[in-house]
2 protein chains.
Amino acid sequence: MSLWQQLEYAAAGTQRPLLEVLDALPWNDAGLIAAIAQQHDSGAVLMLAWMNRAALEETLTSGWACYWSRSRQQLWRKGATSGHRQRLISAHLDCDGDALLLRVAQHGGACHTGRASCFYHTLDQHGLTVNCAAPSHEGSANG
Amino acid sequence: MSLWQQLEYAAAGTQRPLLEVLDALPWNDAGLIAAIAQQHDSGAVLMLAWMNRAALEETLTSGWACYWSRSRQQLWRKGATSGHRQRLISAHLDCDGDALLLRVAQHGGACHTGRASCFYHTLDQHGLTVNCAAPSHEGSANG
């Protein structure tokens with residue numbers, strides 16, 4: 001029985017040490033886990049990114065979101081160049097351990113286009129609509 | 001230039017037909033896209049699941065969340081057996097088209113353990129804590 005199954009009906013307050021958790025995480029074939037970033041006070045979902053073990057450890061210890069950039073194949077300290085950093089408020093794992101939810105305090109826009117959230121397209125049965133324009137080209141920042 | 005790059009600085013209200021969007025989505029190697037489900041009124045993040053093209057098309061046309069079950073390798077009409085269905089309020093795509101945000105009205109608990117959300121573990125530099133107990137074994141339902 002996996003750690004996740006053991007914990008499904010555990011009492012509230014049950015704890016497990018970080019090393020055991022990191023060893024038990026079902027990292028995908030690329031060694032990554034999906035991480036949702038949510039603005040802690042408004043509840044706005046800001047972005048979906050990915051973390052490897054090093055990124056997750058750094059995020060938990062530093063208190064600032066650090067992802068794994070799949071395009072650049074390196075640690076991505078969110079906002080290191082743009083200043084659009086994410087201070088970690090709390091981190092949560094889902095029932096089968098394959099997704100993270102980070103509640104963060106976002107500095108500036110989360111999206112590389114400068115928008116507050118990356119989810120600026122609306123989709124329905126007819127197609128896509130761009131919901132809001134980017135603040136400006138100058139406002140854009142690569143992460 | 002990809003559709004997503006074309007749309008980064010498009011005017012608000014710019015539209016694209018669904019077929020073009022579905023053809024342009026960067027489906028992963030398994031033909032899937034990640035989908036975050038969020039309770040539309042409270043903002044609570046409920047779960048992260050996956051959709052293939054058929055699941056996404058069904059969700060948009062039926063107005064009820066349908067995912068792709070990676071474990072069962074079949075369409076997963078959320079709540080078909082448990083009654084814990086998700087009525088779609090709105091769907092959103094992110095800036096590079098590789099993640100969906102579904103704002104839903106959740107019937108019952110989103111989690112198979114019966115909890116409202118799958119994200120019931122808190123994680124910090126010391127380890128994991130189970131935040132809340134499952135309602136009951138009887139309350140559990142497989143999706």
Side-chain angles (χ1 to χ4, degrees), chain A residues 3-4 7-21 29 34 36 38 42-45 47-49 56-57 60-61 63 90-101 111-113 115 117-134 136-137 140, chain B residues 3-4 7-21 29 34 36 38 42-45 47-49 56-57 60-61 63 90-101 111-113 115 117-134 136-137 140:
Chain A
L3 174 63
W4 317 105
L7 293 173
E8 284 186 357
Y9 298 102
T14 299
Q15 297 188 313
R16 289 291 184 279
L18 186 59
L19 187 60
E20 180 183 352
V21 173
D29 290 346
I36 302 160
Q38 180 183 36
S42 70
V45 174
M47 54 187 278
L48 177 71
L56 177 54
E57 289 179 316
L60 294 175
T61 54
S90 61
H92 308 273
L93 262 172
D94 75 352
C95 51
D96 56 0
D98 68 355
L100 284 161
L101 172 63
C111 184
H112 74 288
T113 63
R115 293 172 175 91
S117 163
C118 294
F119 293 95
Y120 57 82
H121 298 305
T122 295
L123 193 62
D124 65 19
Q125 69 269 41
H126 305 298
L128 171 155
T129 303
V130 178
N131 264 335
C132 58
S136 76
H137 277 70
S140 73
Chain B
L3 175 63
W4 316 106
L7 293 174
E8 284 186 357
Y9 297 102
T14 299
Q15 297 189 314
R16 288 291 184 279
L18 186 60
L19 187 60
E20 179 183 353
V21 173
D29 290 346
I36 302 161
Q38 180 184 35
S42 71
V45 174
M47 54 187 277
L48 177 72
L56 177 54
E57 288 178 317
L60 294 174
T61 54
S90 61
H92 308 273
L93 263 172
D94 74 353
C95 51
D96 57 0
D98 69 355
L100 283 162
L101 172 63
C111 184
H112 74 287
T113 63
R115 292 171 175 92
S117 163
C118 293
F119 293 95
Y120 56 82
H121 298 305
T122 295
L123 193 63
D124 65 19
Q125 69 269 41
H126 305 298
L128 170 154
T129 303
V130 179
N131 264 336
C132 58
S136 76
H137 275 70
S140 73

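Residue numbering restarts at 1 for every chain, and letters A, B, ... go by the order of the sequence lines.
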Give, as side chain, backbone, both or neither, the part of [X] having an atom under 4.5 angstrom from any heavy atom of chain B.
X	value
Gln38(A)	side chain
Val21(A)	side chain
Ala11(A)	backbone
Thr122(A)	both
Leu100(A)	both
Leu93(A)	both

Closest non-hydrogen atom pair, [X] against [Y]:
X	Y	value
Tyr9(B)	His112(A)	OH-O, 4.4 Å
Ala12(B)	Cys132(A)	CB-CA, 3.9 Å
Gln125(B)	Leu18(A)	O-CD2, 3.3 Å
Ala99(A)	Leu48(B)	CB-CD2, 3.6 Å

Open item on the list: Are the side chains of His92(A) and Asn131(B) in contact, using a 4.5 Å heavy-atom criterion?
Closed with: yes
- [ ] Answer yes or no: is there a side-chain heavy-atom contact under 4.5 Å between Asp29(B) and Asp29(A)?
- [x] no
- [ ] Please identify each residue that fulfils side chain to side chain contact (heavy atoms under 4.5 Å, CB included) with Asp96(B), with sequence neighbours left out.
- [x] Asp94(B), Asp98(B)
Open item on the list: Quick check for you: among Thr61(A), Leu56(A), Ile36(A), which has the greatest number of heavy-atom pairs under 4.5 Å with chain B?
Closed with: Ile36(A)
- [ ] Mark yes or no for whether Arg115(A), through its side chain, and Glu8(B), through its backbone, hold a donor-acceptor pair below 3.5 Å.
- [x] yes
